[in-house]
Amino acid sequence: MRYIILILGLIAAVAFILAPPEEKAQMLGKETIEKGDASSWVIRVRKAQYFMRGEKGNVGIVEAPITVGKEREHTLFFWGKKEELVGKIVKISGVQTATGEKLPERTAKLTEMSSSIAAAQGKVPLLFPHAGTWVLTVYVEGKKRGDIVLAVK
C-alpha cells in the first residue's frame with residue numbers, strides 16, 4: 001500500500017513538472033491571464049474563468065450581459081504599477097457608435113486588487129439607454145488609459 005501511494009505521488013510530481021505554465025498555475029490555485037486577442041481575453045481564477053473586454057494588459061471589464069435601461073455597477077481592472085494606479089481617480093465616458101449618443105461621465109477611485117490578476121480596480125455604475133455598440137473611453141488622472149468596446153442588447 002505504501003508503495004502505491006509513493007508511485008502515485010511520483011506520477012503527480014512528474015505530471016506537474018511537465019505541465020505548461022498555465023496548467024501549473026491552475027493546479028496551484030493561482031490566477032492566470034490566458035491567451036486572447038488585444039480586445040478580448042480570458043482570465044482564470046482557480047477553476048473559474050472570466051471573459052474580459054478592453055485592452056489586454058492595460059484596462060478591462062468582465063464581459064457580461066448588459067441590460068438596456070438598467071443601471072449596474074461594473075468593475076474595471078487596471079494593469080501596471082500599483083503606485084501609479086491605486087488611489088487615483090478614473091473617469092469613464094461612453095458613446096454609442098451608431099448614433100453618437102453619449103453616456104454621462106462617471107468617476108471612481110482606484111483601489112488595490114487583492115489578487116495578482118491586476119494592479120488596481122475601480123467600480124463604476126453604468127446605465128446604457130439603448131442597445132448597440134458602445135465605446136467606453138477610460139481616463140486615469142485625466143490621461144487616456146484605453147477604450148473598451150461593449151455590445152449592449
Side-chain angles (χ1 to χ4, degrees), residues 12 15-153:
F16 180 79
I17 290 167
L18 297 176
E22 299 86 23
E23 288 182 29
K24 285 181 187 177
Q26 190 173 0
M27 288 177 195
L28 293 172
K30 293 185 179 179
E31 299 93 357
T32 59
I33 297 175
E34 299 292 317
K35 294 178 182 173
D37 65 30
S39 65
S40 179
W41 68 96
V42 176
I43 289 181
R44 288 189 189 278
V45 182
R46 294 171 187 82
K47 292 185 179 182
Q49 64 180 6
Y50 301 93
F51 294 89
M52 301 289 288
R53 301 286 304 166
E55 294 182 8
K56 187 176 180 181
N58 186 22
V59 61
I61 189 169
V62 173
E63 191 172 292
I66 299 171
T67 305
V68 171
K70 187 173 183 178
E71 186 173 82
R72 179 175 166 241
E73 187 173 76
H74 296 269
T75 302
L76 282 83
F77 298 89
F78 295 84
W79 287 264
K81 297 179 180 176
K82 286 184 182 184
E83 59 273 6
E84 294 176 4
L85 294 168
V86 175
K88 307 294 187 207
I89 300 297
V90 62
K91 179 178 78 170
I92 288 80
S93 62
V95 64
Q96 187 185 41
T97 58
T99 65
E101 182 177 2
K102 294 182 178 183
L103 293 177
E105 288 184 350
R106 301 292 185 147
T107 60
K109 191 172 188 175
L110 296 180
T111 59
E112 186 172 344
M113 290 284 301
S114 60
S115 73
S116 60
I117 285 295
Q121 66 181 0
K123 295 182 186 264
V124 181
L126 295 172
L127 171 69
F128 295 91
H130 304 288
T133 302
W134 290 82
V135 178
L136 301 179
T137 303
V138 181
Y139 302 88
V140 175
E141 294 292 317
K143 295 179 184 173
K144 184 177 177 182
R145 181 70 186 211
D147 292 319
I148 300 172
V149 179
L150 298 174
V152 177
K153 297 178 182 181

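Values in this document were obtained by computation on a predicted structure and should not be read as measured data. Because only heavy atoms are used, hydrogens play no part in the values below, and waters and symmetry mates are left out as well, while side chains stay in. Numbers here simply count residues along the sequence, with the first being 1.
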Next on the checklist: Could you check whether any side-chain heavy atom of Phe77 comes within less than 4.5 Å of a side-chain heavy atom of Val62, counting everything from C-beta outward?
Outcome noted: yes
Item to check | For Thr111 against Val86, the heavy-atom pair lying closest together | outcome: C-CG2, 4.3 Å
Item to check | Which atom of Leu85 lies closest to which atom of Ala120, heavy atoms considered | outcome: CB-CB, 3.8 Å
Checklist entry - Is there a donor-acceptor pair under 3.5 Å between the side chain of Arg72 and the backbone N or O of Leu127? => result no
Item to check | Nearest atoms (heavy-atom pairs only) where Pro129 meets Leu103 | outcome: CD-CD2, 3.7 Å
Item to check | Pairwise side-chain contact, Phe78 with Leu110, heavy-atom cut-off 4.5 Å (strictly under) | outcome: yes
Next on the checklist: I need the minimum non-hydrogen distance between Met113 and Gln121, along with the two atoms involved.
Outcome noted: SD-OE1, 3.2 Å
Next on the checklist: Between Val124 and His74, is there a side-chain heavy-atom distance shorter than 4.5 Å?
Outcome noted: no
Checklist entry - Looking at side-chain heavy atoms only, is the closest gap between Leu126 and Trp134 below 4.5 Å? => result no
Item to check | Closest approach of Tyr139 to Ser93 (non-hydrogen atoms, all atoms of both residues) | outcome: CE1-OG, 3.8 Å
Checklist entry - Would a 4.5 Å heavy-atom cut-off, applied to side chains only, mark Leu136 and Val95 as touching? => result no
Next on the checklist: Under a 3.5 Å distance rule, please check whether Asp147 uses its side chain to pair with a backbone N or O of Val138 as donor and acceptor.
Outcome noted: no
Checklist entry - Which residue pairs pass the salt bridge (charged side-chain N to carboxylate O under 4.0 Å, His left out) test when at least one of the two sits in residues 103-125, sequence neighbours left out? => result Glu71-Arg106, Lys82-Glu112, Lys91-Glu105
Checklist entry - For the residue pair Gly80 and Ala119, what are the closest heavy atoms and their distance? => result O-CB, 3.2 Å
Checklist entry - Taking the side chain as C-beta and beyond, is there a heavy-atom pair between Glu63 and Met52 under 4.5 Å? => result no
Checklist entry - Would a 4.5 Å heavy-atom cut-off, applied to side chains only, mark Lys153 and Ile66 as touching? => result no
Checklist entry - Does any non-hydrogen side-chain atom of Val59 lie less than 4.5 Å from one of Ile148? => result yes
Next on the checklist: Tell me which one of Thr133, Ile61, Val135 satisfies side-chain contact (heavy atoms from CB on, under 4.5 Å) with Leu150.
Outcome noted: Ile61
